[in-house]
**Q** 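One structure, as structure tokens, below. Some questions next.
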Amino acid sequence: MAKIPRGRVATYGQIAAWLGWPRRSRMVGRALRNCPSGLPWHRVVNARGEISRRAAVGSMLTQRILLQQEGVSLRGGRVPLSRFRWHGPKKAREHPARYGG
DNA sequence: GACTTGACTAGAC
DNA sequence: AGTCTAGCCAAGT
């Protein structure tokens with residue numbers, strides 16, 4: 001998760017797959033309950049680009065703000081994955097998605 | 001050990 | 001494009 005570049009997002013399923021556990025997306029979410037500070041937890045969204053309700057302190061408002069600060073804009077409450085999804089630590093693209101800044 | 005729950009997902013309508 | 005369903009598997013009760 002720490003490898004997710006600024007201005008990009010990944011899904012729970014992706015992270016699970018990178019770790020070698022393709023069917024364990026829920027475990028990623030479970031693990032994030034104890035997410036140590038300093039990790040970009042806000043760059044993790046579900047497969048539809050939505051922010052989970054269980055998001056940390058306060059609400060998903062925090063996550064939305066953090067994402068927007070990185071240039072990840074939400075459309076209709078979702079991150080457009082076609083644009084901001086990160087393709088993984090091994091297949092990472094050279095150029096980040098276009099975002100203001 | 002048998003339910004229930006959950007920061008999920010792919011597929012069907 | 002939205003909503004529902006079945007599948008998932010570790011943790012909690």
Side-chain angles (χ1 to χ4, degrees):
Chain A
M1 186 169 82
K3 295 180 180 178
I4 305 174
R6 226 179 117 84
R8 295 296 212 113
V9 300
T11 69
Y12 298 89
Q14 278 183 273
I15 292 175
W18 297 336
L19 294 174
W21 298 320
R23 307 283 172 230
R24 300 186 197 186
S25 50
R26 302 191 92 135
M27 296 300 98
V28 175
R30 183 174 292 281
L32 282 188
R33 291 186 52 157
N34 296 346
C35 181
S37 56
L39 287 175
W41 60 270
H42 58 282
R43 294 179 191 145
V44 183
V45 297
N46 69 24
R48 304 176 56 183
E50 296 168 333
I51 292 170
S52 175
R53 298 190 242 139
R54 304 277 192 246
V57 213
S59 65
M60 33 208 237
L61 186 60
T62 305
Q63 184 166 2
R64 190 167 62 210
I65 290 173
L66 287 171
L67 285 174
Q68 288 179 341
Q69 284 176 351
E70 301 187 347
V72 177
S73 56
L74 279 72
R75 312 267 304 179
R78 289 153 234 144
V79 175
L81 291 179
S82 56
R83 190 165 143 191
F84 293 111
R85 169 179 236 164
W86 186 46
H87 291 180
K90 296 174 184 175
K91 296 182 179 178
R93 290 185 172 174
E94 292 298 318
H95 308 295
R98 173 169 65 80
Y99 61 92

**Q** With a 4.0 Å limit, can you tell me whether A:T11 has a side-chain N or O closer than that to the phosphate oxygens OP1/OP2 of B:dC8?
**A** no
**Q** With a 3.5 angstrom cut-off on both distances, give the Watson-Crick or G-U wobble partner of B:dG1, or none if there isn't one.
**A** none
**Q** Does A:R78 have a side-chain nitrogen or oxygen under 4.0 Å from the phosphate oxygens OP1 or OP2 of C:dG2?
**A** yes
**Q** Name the pairing partner of B:dC13, where a pair is Watson-Crick or G-U wobble with both distances under 3.5 Å, or state none.
**A** C:dG2
**Q** Nearest to the side chain of A:A47, which nucleotide is it out of B:dC8, C:dG2, B:dA10?
**A** B:dA10
**Q** Salt bridge between A:E70 and A:R8, side-chain N to carboxylate O under 4.0 Å?
**A** no
**Q** Rounding to a whole Å, what distance do you find between A:N34:CG and B:dG6:P?
**A** 16 Å
**Q** From B:dC8, B:dG6, C:dC8, pick the nucleotide closest to the side chain of A:N46?
**A** B:dC8
**Q** Check every atom of C:dC9, B:dG6, B:dT9 against the side chain of A:R30 and return the nucleotide holding the closest atom.
**A** B:dG6
**Q** If I compare all heavy atoms of A:Q63 with all of A:H42, which pair ends up nearest, and what's the gap?
**A** NE2-O, 3.0 Å
**Q** When the nearest nucleotide of DNA chain B is assigned to A:M27 and to A:V45 on a heavy-atom basis, which residue is associated with the more 5' position?
**A** A:M27
**Q** For the hydrophobic clusters of this structure (ILVMFWY residues joined by side-chain heavy atoms under 4.5 Å, transitively), does one cluster hold both A:L32 and A:W18?
**A** yes
**Q** Compare the minimum distances between each of B:dT9, C:dC9, C:dC8 and the side chain of A:R26, then state the nucleotide with the smallest one.
**A** C:dC8
**Q** Locate the shortest heavy-atom distance separating A:V44 from A:T11; write the atom from each residue and the value.
**A** CG1-C, 4.3 Å
**Q** Please tell me which of the listed nucleotides, C:dG2, B:dC8, C:dC9, lies nearest to the side chain of A:R24?
**A** C:dC9
